[in-house]
Undergrad: 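My questions all concern the structure below.
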Amino acid sequence: MITPITNQTANSATSNAPVAGRGMDSLGQGDFLRLLTVQMQQQDPFNPVDNKEMLAQMAQFSSLAGVAETNAMLERIADKLDQLIVTNQSASDT
């Protein structure tokens, strides 16, 4: 079972890197590793987190990071295609 992190614990663990004002859209691998570290520090040593659960979380996060990277690349490709279409339309109008 995963132990929830209280606000007090999260604030003390992230005092080096303030995250005020950041939304869930801007969380990255550093944030995940920070949360994982705090989670491991706060877990009960007599009832540790199941390795399968932890590996599943890491795999999900890795998959999510790959999807986000793919989306960013597709957005850049779409922007370049839009620029190409505008260029071709302006060239055909003259």
Side-chain angles (χ1 to χ4, degrees):
M1 167 156 236
I2 297 174
T3 306
I5 299 173
T6 63
N7 286 341
Q8 182 180 10
T9 305
N11 289 339
S12 66
T14 59
S15 61
N16 303 9
V19 292
R22 287 192 346 181
M24 293 299 283
D25 294 341
S26 64
L27 294 176
Q29 279 185 314
D31 298 308
F32 174 76
L33 292 175
R34 192 173 304 114
L35 286 171
L36 180 65
T37 302
V38 171
Q39 177 181 332
M40 291 178 76
Q41 290 172 345
Q42 299 297 320
Q43 74 179 344
D44 180 7
F46 297 108
N47 187 18
V49 175
D50 184 22
N51 287 339
K52 292 177 187 175
E53 273 185 54
M54 193 179 320
L55 288 174
Q57 288 177 4
M58 291 172 67
Q60 286 176 342
F61 186 80
S62 181
S63 175
L64 180 62
V67 168
E69 187 176 328
T70 301
N71 286 343
M73 178 64 75
L74 288 174
E75 284 180 23
R76 289 194 298 266
I77 290 171
D79 290 341
K80 289 183 181 187
L81 287 174
D82 288 342
Q83 290 173 358
L84 182 62
I85 289 170
V86 169
T87 304
N88 285 340
Q89 285 177 348
S90 64
S92 65
D93 290 342
T94 57

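If you read the sequence from its start, that first residue is 1, and numbering goes on from there.
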Undergrad: Donor-acceptor pair, S62 side chain versus M58 backbone, under 3.5 Å?
TA: no
Undergrad: Applying ring pair (Phe, Tyr, Trp, His ring centres under 6.0 Å), which residue pairs with at least one partner in residues 68-94 are found, sequence neighbours left out?
TA: none
Undergrad: Please tabulate, for the side chains in residues 67-87, all donor-acceptor contacts under 3.5 angstrom to protein atoms that are two or more places apart in sequence or on a different chain.
TA:
residue	atom	partner	partner atom	Å
T70	OG1	G66	O	2.9
T87	OG1	Q83	O	2.8

Undergrad: Suppose the criterion is ring pair (Phe, Tyr, Trp, His ring centres under 6.0 Å): which pairs have a residue in residues 75-94, not counting sequence neighbours?
TA: none
Undergrad: Can you tell me how far CG of L33 sits from CD of Q39, rounded to the nearest 0.5 angstrom?
TA: 12.0 Å
